[in-house]
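Quick caveat, the model's predicted, so the values are computed rather than measured.
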Amino acid sequence: MAGSGSAQLRPQDPKNDVLLSVKDLVVQFPAGRKRVVHAVSSVSFDLMKGETLGIVGESGCGKSTVAKAIVRLVDITAGEVIYDGRNLAALTGEELRKVRPRLQMIFQDPISSLNPRRRVRDVIAEGLAVWGDDISSWSRNRVDELMDAVGVEASYGARRPHELSGGQCQRIGIARALALEPKVLICDEPVSSLDVSIQAQILNLLQDMKSRYGLTVLFISHDLSVVKNVSDRIVVMYLGKVCEIGSTAEIYARPAHPYTRALLASIPEPAATVEPREGDIGDELPSATAPPSGCRFHTRCLHATEVCQQQEPVSTQLGDADHYVACHHPVEVQLKSRHP
């Protein structure tokens, strides 16, 4: 999915505006002795204004690295991240600093993402202290408003993160991310470390905040059932590459890439369009320091042939749908019911 192949995995919707565009993004990390970790390899997709785009894949596929690269928490090796007509990958210093308030991030571990030495109110107000004009009055009202919006009592503002539960800390993390009125909210597995009952509350809160503040959301998760409920479109990643992109309805109704089908078959209530046996791909993920040639999934794929080992697949569109897959042997199915 490199070059022109990956570019085709960026479906455009003429009815919506592209708010953020990732083009052939590459992120590599040195691993010693001249080895390199190929964390993200030529990943491309568009984020439309007002949508929630889900990114799914097992641990190590590069989805969190994509998120961190977008907000420049990790260095970008190659490629572009276009926001509001500007390439974030090329910005430095004050130019980058001025753009960052518009793109905010919620992290996976709600407790460790908050400064343990600071009180909750100060954690939320930190961005306002940096950017606000009148911290003594205006920011205090803004913090009270945000705490109320995320469902945290104002009295908790005097506490420190270790005095709160995981769910409460994640609410504080959401309030902190919203303080500077961002346009794009990046959620990096925001509920994976929470109890199931709390997960539902946080997901509902994120939906409410999206509607209230007019947010565009990039939602990262390995839980397909969660992504199905919150996302308009889904990007499926494997070992630093994009396998498939489509609307949530399309991905569940016509999963075409064997890896997508394996993910759907592995959930407790498998999608109606896959068989449970399709999830039997083993647990040996190839090393990102020496990714397989051709299609990176061929070492675990039930349908791999010689061409899969030798040639990298080019993305193709399935019919007239907003659905793209990078596979030499895509599987097209129609939605069927498991129950007569």
Linking I/L/V/M/F/W/Y whenever their side-chain heavy atoms sit closer than 4.5 Å, directly or via other members, would [X] and [Y] fall into one cluster?
{"X": "I82", "Y": "L103", "result": "no"}
{"X": "I198", "Y": "V226", "result": "yes"}
{"X": "V71", "Y": "V26", "result": "no"}
{"X": "V99", "Y": "V22", "result": "yes"}
{"X": "L302", "Y": "V307", "result": "no"}

When rounded to the nearest 0.5 angstrom, what distance separates [atom1] in [X] from [atom2] in [Y]?
{"X": "Q168", "Y": "L114", "atom1": "CD", "atom2": "CG", "answer": "11.5 Å"}
{"X": "L146", "Y": "I174", "atom1": "CG", "atom2": "CD1", "answer": "11.5 Å"}
{"X": "R171", "Y": "L206", "atom1": "CZ", "atom2": "CG", "answer": "9.5 Å"}

Under a 3.5 Å threshold, yes or no: a donor from one side chain and an acceptor from the other, between T77 and Q28? no

Please check if any side-chain donor atom of H329 sits under 3.5 Å from a side-chain acceptor atom of T305, or the reverse. yes

Contact summary for [X] and [Y], nearest pair of heavy atoms:
{"X": "T216", "Y": "G50", "answer": "OG1-N, 2.7 Å"}
{"X": "L47", "Y": "V217", "answer": "CD1-O, 3.8 Å"}
{"X": "C169", "Y": "P161", "answer": "SG-O, 3.4 Å"}
{"X": "A31", "Y": "T289", "answer": "CB-CG2, 4.4 Å"}
{"X": "K228", "Y": "T248", "answer": "O-CG2, 3.7 Å"}
{"X": "P255", "Y": "A253", "answer": "CD-C, 3.5 Å"}

Quick one: does [X]'s side chain get under 4.5 Å of [Y]'s, heavy atoms only?
{"X": "R142", "Y": "E181", "value": "yes"}
{"X": "T260", "Y": "L264", "value": "yes"}
{"X": "V27", "Y": "D75", "value": "no"}
{"X": "L180", "Y": "L128", "value": "yes"}
{"X": "L215", "Y": "P182", "value": "yes"}
{"X": "H303", "Y": "C327", "value": "no"}
{"X": "I55", "Y": "F45", "value": "yes"}
{"X": "M209", "Y": "L185", "value": "no"}

Do side-chain atoms of [X] reach the backbone of [Y] as a donor and acceptor pair under 3.5 angstrom?
{"X": "D322", "Y": "G246", "result": "no"}
{"X": "S293", "Y": "Q310", "result": "no"}
{"X": "D17", "Y": "L19", "result": "no"}
{"X": "D195", "Y": "S197", "result": "no"}
{"X": "R296", "Y": "Y238", "result": "no"}
{"X": "E244", "Y": "A256", "result": "yes"}
{"X": "Q170", "Y": "P190", "result": "yes"}
{"X": "N204", "Y": "A200", "result": "yes"}
{"X": "R261", "Y": "T273", "result": "yes"}
{"X": "Q199", "Y": "V191", "result": "yes"}

[X] and [Y] ion-paired at < 4.0 Å:
{"X": "R212", "Y": "E145", "value": "no"}
{"X": "E94", "Y": "R97", "value": "yes"}
{"X": "D188", "Y": "K63", "value": "no"}

Could you walk me through whether R160 and N115 pass side chain to side chain contact (heavy atoms under 4.5 Å, CB included), step by step? CA-CA 8 Å; R160 289 184 169 82; N115 189 331; over 6 Å; no

Can you say whether the rings of H257 and F297 are parallel (under 30°), tilted (30 to 60°) or perpendicular (over 60°)? tilted

Are there over 12 heavy-atom neighbours, none belonging to [X], within less than 6.0 Å of that residue's [atom1]?
{"X": "D208", "atom1": "CG", "answer": "yes"}
{"X": "K183", "atom1": "NZ", "answer": "no"}
{"X": "N229", "atom1": "CG", "answer": "yes"}

Using side chain to side chain donor-acceptor pair (under 3.5 Å) as the criterion, point out the one residue from R233, Q207, K210 that pairs with T52. K210

